[in-house]
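Just below is one structure, and these are the notes that go with it.
Any value given below was found using the heavy atoms of this structure, including those in side chains, with hydrogens, waters and symmetry copies removed. Please read these numbers as outputs of a predicted model, since none were measured by experiment.
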Amino acid sequence: MKTIVLSLGGSIVAPDSVDTALLTSFKEAIVSYLEKDEERRIILVVGGGAPARIYQKAVKIVNENIDNKSLDWIGIRATRLNAEMVRASFEPYSEKEIVTDPTADFSFEKRVLVASGWKPGFSTDTDAVYLAKRFGSSTVVNLSNIKKVYTADPKIDRNAKPLDFISWPDFLNMVGSEWNPGANLPFDPVASKFASDEKMRVVCMDGRNIENLMAFLEGKSFEGTTISF
């Protein structure tokens, strides 16, 4: 079986509310991809999006001394809500249960496996790397609301430039080594170190561009940033 792992950012699933138009197009494209070859499988690891952001912001107002572990758990619960919604959207192709622990025993007999956040200390990007390693996939596709990784935050640095490729050492130097709940990074630091150690490839692209994603999945030219050695 050929297994593809997609880290489906909450920023595109639920940027403010659930983007049903995008999810409908995404589902139709993924199902079409799967039906072309019975050996294809997809793992979708779903982020927290607006629910995580809104509730983390709220608790900081109510309790200014809230710790990062508690903030992470709020984000994790949000990913599980989003993941359950995505899983149900893909029935009957999807497994009946979402994966909340990528190291646990679970069934993957159908074509689509949906996973959520696991535990504090990292984002769903790290869960995606765990699942990629477990199912023999050397690539994680990170789908967010940005087209490419930039040399710096383009909202802050007008001279920031988009990258087609960046090496793991350079990327790790860019994102640092510490995870902060709600951090806005192309790929979280813990996941990045893990993927680098496993010599994986991570491809970052705009998940709202379904045609571009399908081009990548079919081995065609695509727009995005490849992180590798």
When clusters are formed by joining ILVMFWY residues with side-chain heavy atoms under 4.5 Å apart, either directly or through shared neighbours, do [X] and [Y] land in the same one?
| X | Y | answer |
| --- | --- | --- |
| V5 | V86 | no |
| L23 | I98 | yes |
| L81 | I76 | no |
| M214 | L34 | yes |
| L44 | M205 | yes |

Show the nearest heavy-atom pair for residues [X] and [Y], with the distance to one decimal.
| X | Y | answer |
| --- | --- | --- |
| F171 | S192 | CE2-OG, 3.2 Å |
| L163 | T151 | CD2-CG2, 3.7 Å |
| T225 | I166 | CG2-CG2, 4.1 Å |
| A160 | A152 | CB-O, 3.4 Å |
| G75 | A52 | CA-CB, 3.9 Å |
| G176 | P189 | O-CB, 3.4 Å |

Is the shortest side-chain heavy-atom distance between [X] and [Y] below 4.5 Å?
| X | Y | value |
| --- | --- | --- |
| V45 | L131 | yes |
| E95 | V114 | no |
| V13 | L8 | yes |
| N173 | P169 | no |
| R80 | T100 | yes |
| V149 | F187 | no |
| S228 | F165 | yes |
| V203 | F222 | yes |

Separation between [atom1] of [X] and [atom2] of [Y], rounded to the nearest 0.5 Å:
| X | Y | atom1 | atom2 | value |
| --- | --- | --- | --- | --- |
| F216 | S221 | CZ | OG | 11.5 Å |
| S137 | R41 | OG | CZ | 10.5 Å |
| K147 | R208 | NZ | CZ | 8.5 Å |
| N145 | N209 | CG | CG | 13.0 Å |
| L217 | S32 | CG | OG | 11.0 Å |
| S89 | I30 | OG | CD1 | 13.0 Å |

Please assess K69 against D67 for the test salt bridge (Lys or Arg N to Asp or Glu O under 4.0 Å), listing each intermediate value before the final yes or no. CA-CA 6 Å; K69 185 176 181 180; D67 58 53; over 6 Å; no

Have T79 and N82 got a donor and an acceptor in their side chains that come within less than 3.5 Å?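 Short answer, no.
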
Checking D164 against T226: is there a side-chain donor and acceptor pair closer than 3.5 Å?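 Looking only at side-chain atoms, D164 and T226 do not form any donor-acceptor pair under 3.5 Å.
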
From CA spacing to verdict: side-chain contact (heavy atoms from CB on, under 4.5 Å), Y33, E218: CA-CA 8 Å; Y33 169 79; E218 297 291 357; 3.6 Å; yes

Sole residue of R87, R111, E35, K110 in side-chain hydrogen bond (donor to acceptor under 3.5 Å, both in side chains) with Y93: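 Of the listed residues R87, R111, E35, K110, the side-chain hydrogen bond (donor to acceptor under 3.5 Å, both in side chains) partner of Y93 is E35.
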
Qualifying residue for side-chain hydrogen bond (donor to acceptor under 3.5 Å, both in side chains) with W179, from T126, N68, D72, D188: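 Option passing the side-chain hydrogen bond (donor to acceptor under 3.5 Å, both in side chains) with W179: D72.
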
L172 vs S177, test: side-chain contact (heavy atoms from CB on, under 4.5 Å). Steps then yes/no. CA-CA 7 Å; L172 290 169; S177 59; over 6 Å; no

Can you label the angle between the W118 ring and the F122 ring as parallel, tilted or perpendicular, going by 30° and 60°? tilted

With under 30° as parallel and over 60° as perpendicular, where do the rings of F108 and F135 fit, or are they tilted in between? perpendicular

Indicate yes or no: does D153 engage R158 in a salt bridge with an N to O separation below 4.0 Å. no

Check which hydrophobic residues are tied to I54 through side-chain heavy-atom contacts below 4.5 Å, counting indirect links as well, and list them. Y55, V59, I66, L71, I74

Would you say E198 has more than 12 foreign heavy atoms packed within less than 6.0 Å of its CD?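 Result for CD/E198: enclosed.
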
Is it the case that more than 12 heavy atoms not belonging to E211 sit under 6.0 Å from its CD atom? no

Geometric cation-pi criterion R134 and F106, 6.0 Å radius, 45° cone: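 The answer is yes; both the distance and angle limits are met.
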
Side-chain (S94) to main-chain (L113) donor-acceptor, under 3.5 angstrom: no

Between L143 and S7, does the side-chain contact (heavy atoms from CB on, under 4.5 Å) criterion hold? Intermediate values first, please. CA-CA 6 Å; L143 303 174; S7 184; over 6 Å; no

K199 and W168: CA distance, side-chain angles, deciding distance, side-chain contact (heavy atoms from CB on, under 4.5 Å) verdict: CA-CA 9 Å; K199 294 181 171 52; W168 275 122; over 6 Å; no

